[in-house]
Amino acid sequence: MSEPLGLFGGTFDPVHFGHLRLAEEAIVHLGLGGVRWMPAGQPPHRGVPQVTAEQRLAMVRLATAGNERFAVDAGEVEAAAPSYTVHTLERLRAELGVTQPLVLLVGADAFAGMASWHRWRDIFALAHVAISHRPGFPVEASSLPHELATEFNDRRLSHAGDLKAMPGGGIVTFAMTQLAISATQIRKLLSNELSARYLLPDSVLDYIRTHSLYRNP
């Protein structure tokens, strides 16, 4: 099997250095061959984003340009349907084959709510799940809903190196450097015409300014 491929989905509204650092550290901690970014077109678990899916896709492309280990997947943006993770994984399995190890990257908060996702149990048949958490605050089964805690205990892998031994089905965790940055914070700064510099790449900030994004109506 080839090196595991990380899959990083999200609204990226807008993409920022916290997202970029998570993807970079996932490569190092998990031994990934790279990370494929997958901006959501129609995110089913939140309200309609303030900017279009095409604009969010463009910002992700700008942010990831220059890193040869990053690639951008436009499939969810181009699909005329809600962006359910299980559907994206099925598409990628058909594209990449049944033996390629795939690793879905999620934050600890997102994983805690995974039991509410569409066909969430099927995700484990399609990919591994890697959960990022704050240093010193590991993911504990006792803090998870019962159904999810059972999956967490049964599928937990001892070492990240085990990810390449099978195409999916395992769960690993990794601590990542915490950057106190959020897309909500950035949108609030921009809507109040305050500086968001050094919270996201200059290329993304230039795009936001050029297209007058995130301003109050």
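Just so you know, these numbers come straight off a predicted model, no measurement behind them.
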**Report entry** Carboxylate-amine/guanidinium proximity below 4.0 Å for Arg209 and Asp202
**Finding:** no
Query raised in the report: Does Glu95 CD have over 12 foreign heavy atoms under 6.0 Å away?
Result: yes
Requested in this report: Answer whether the closest heavy-atom distance between the side chains of Val15 and Val204 falls below 4.5 Å.
Outcome: yes
Query raised in the report: Just by modelled atom types, is the Asn216 backbone N or O under 3.5 Å from a matching donor or acceptor in the Ser191 side chain?
Result: no
Query raised in the report: Checking Arg93 side chain against Gly97 main chain: does a donor-acceptor pair fall under 3.5 Å?
Result: yes
**Report entry** Heavy-atom closest pair, residues His133 and Ala108
**Finding:** CB-CB, 4.3 Å
Report task. Over all heavy atoms of both residues, which pair between Ala112 and Leu144 is shortest? Give the atoms and the distance, please. Result -> CA-CD2, 4.0 Å
Report task. Check the pair His128 / Leu102 against side chain to side chain contact (heavy atoms under 4.5 Å, CB included), numbers first and verdict last. Result -> CA-CA 6 Å; His128 300 292; Leu102 300 177; over 6 Å; no
Query raised in the report: Side-chain contact, heavy-atom cut-off 4.5 Å: Val103 with Leu5?
Result: no
Report summary line: Gly18 and His16 have their tightest heavy-atom pair at N-ND1, 3.0 Å
**Report entry** Ion pair Arg121/Glu151, N-O distance below 4.0 Å
**Finding:** yes
Query - Arg21 NZ/CZ over Phe17 ring centroid, <6.0 Å and within 45° of normal - result: no
Query raised in the report: Where the side chain of Asn67 meets the backbone of Arg69, is there a donor-acceptor pair that is under 3.5 Å apart?
Result: yes
Report task. For the pair His118 and His87, name the ring-plane relationship: parallel under 30°, tilted 30 to 60°, perpendicular over 60°. Result -> perpendicular
Query - Aromatic ring pairing Trp37/Phe70, orientation class (parallel under 30°, perpendicular over 60°, tilted between) - result: perpendicular
Query raised in the report: Does any non-hydrogen side-chain atom of Ile123 lie less than 4.5 Å from one of Met114?
Result: yes
Query - CD on Gln42 to OG1 on Thr11, rounded to 0.5 Å - result: 12.0 Å
Report task. Give, for atom CZ of Arg187 and atom CG of Leu213, the distance between the pair rounded to the nearest 0.5 Å. Result -> 12.0 Å
Query raised in the report: Taking atom CZ of Arg119 as the centre, does the number of heavy atoms from other residues, nucleotides or ligands within less than 6.0 Å exceed 12?
Result: yes
**Report entry** Side-chain donor or acceptor of Ser195 paired with backbone N/O of Arg197 under 3.5 Å
**Finding:** yes
Requested in this report: With rounding to the nearest 0.5 Å, note down the distance linking CD1 in Ile181 to CG in Leu200.
Outcome: 8.5 Å
**Report entry** Under 3.5 Å donor-acceptor, Ser83 side chain and Pro43 backbone
**Finding:** no
Report task. Look at the side-chain heavy atoms of Ile, Leu, Val, Met, Phe, Trp and Tyr, link any pair under 4.5 Å apart, and say whether Leu179 and Leu189 land in one connected group. Result -> yes
Requested in this report: Nearest 0.5 Å please: distance from the CH2 atom of Trp117 over to the CZ atom of Phe111.
Outcome: 9.0 Å
**Report entry** Minimum heavy-atom distance between Pro4 and Gly31, given as atom pair plus value
**Finding:** CD-O, 3.7 Å
**Report entry** Separation between CG of Leu7 and CG of Leu89, rounded to the nearest 0.5 Å
**Finding:** 6.5 Å
Query raised in the report: Does a salt bridge link Arg56 with Glu76, judged by any charged N lying under 4.0 Å from a carboxylate O?
Result: no
Query raised in the report: Does any non-hydrogen side-chain atom of Val106 lie less than 4.5 Å from one of Phe8?
Result: no
Query raised in the report: For Gly161, does its backbone N or O pair with a side-chain atom of His159 as donor and acceptor, under 3.5 Å?
Result: no
Query raised in the report: Between the main-chain N or O of Ala71 and the side-chain N or O of Arg36, is there a donor-acceptor pair closer than 3.5 Å?
Result: no
Query - side-chain hydrogen bond (donor to acceptor under 3.5 Å, both in side chains) evaluation trace for Ser143 with Glu140 - result: CA-CA 6 Å; Ser143 65; Glu140 303 285 355; over 6 Å; no
**Report entry** Gap separating the CD atom of Gln178 from the CZ atom of Phe137, nearest 0.5 angstrom
**Finding:** 9.5 Å
Report task. Please work out whether the ring planes of His19 and Phe12 are parallel, tilted or perpendicular, with thresholds of 30° and 60°. Result -> perpendicular
Query raised in the report: When you look at Val139 and Phe152, which way does the side chain to side chain contact (heavy atoms under 4.5 Å, CB included) test go after all the steps?
Result: CA-CA 9 Å; Val139 181; Phe152 181 80; 3.9 Å; yes
Query - CG (Asp109) with more than 12 external heavy atoms under 6.0 Å - result: no
Query raised in the report: Is the backbone N or O of His146 less than 3.5 Å from a side-chain atom of Thr150, with the two atoms forming a donor-acceptor pair by type?
Result: yes
Query raised in the report: Hey, mind stepping through Leu92 and Met38 against side chain to side chain contact (heavy atoms under 4.5 Å, CB included) and telling me if it holds?
Result: CA-CA 11 Å; Leu92 292 175; Met38 306 179 300; 3.7 Å; yes
Requested in this report: Please examine the side chains of Glu54 and Val77, heavy atoms only from C-beta on, and report whether any two atoms are closer than 4.5 Å.
Outcome: yes
Query raised in the report: Which heavy-atom pair separates Ala149 from Ala141 by the least distance, and what is that distance?
Result: CB-O, 3.4 Å
Query raised in the report: Closest approach of Ala175 and His29, non-hydrogen atoms and distance?
Result: O-NE2, 3.4 Å
**Report entry** Side chain to side chain, Arg91 and Asp73, heavy atoms closer than 4.5 Å
**Finding:** yes
Report task. Determine whether Tyr207 and Pro14 make a side-chain contact, defined as any pair of heavy atoms from C-beta on separated by less than 4.5 Å. Result -> no
**Report entry** Worked check of side chain to side chain contact (heavy atoms under 4.5 Å, CB included) between Met59 and Ile208
**Finding:** CA-CA 8 Å; Met59 288 188 281; Ile208 289 171; 3.7 Å; yes
Report task. Determine, using the 4.5 Å side-chain heavy-atom cutoff (strictly less than), whether Leu32 and Val28 are members of one ILVMFWY cluster. Result -> no
Query raised in the report: Is it the case that one hydrophobic cluster holds both Leu194 and Leu205, taking links as side-chain heavy atoms less than 4.5 Å apart, direct or via other members?
Result: yes
Query raised in the report: Taking the side chain as C-beta and beyond, is there a heavy-atom pair between Ile131 and Ile171 under 4.5 Å?
Result: yes
Query raised in the report: Any donor-acceptor pair under 3.5 Å linking the side chain of Glu25 with the backbone of Leu22?
Result: no
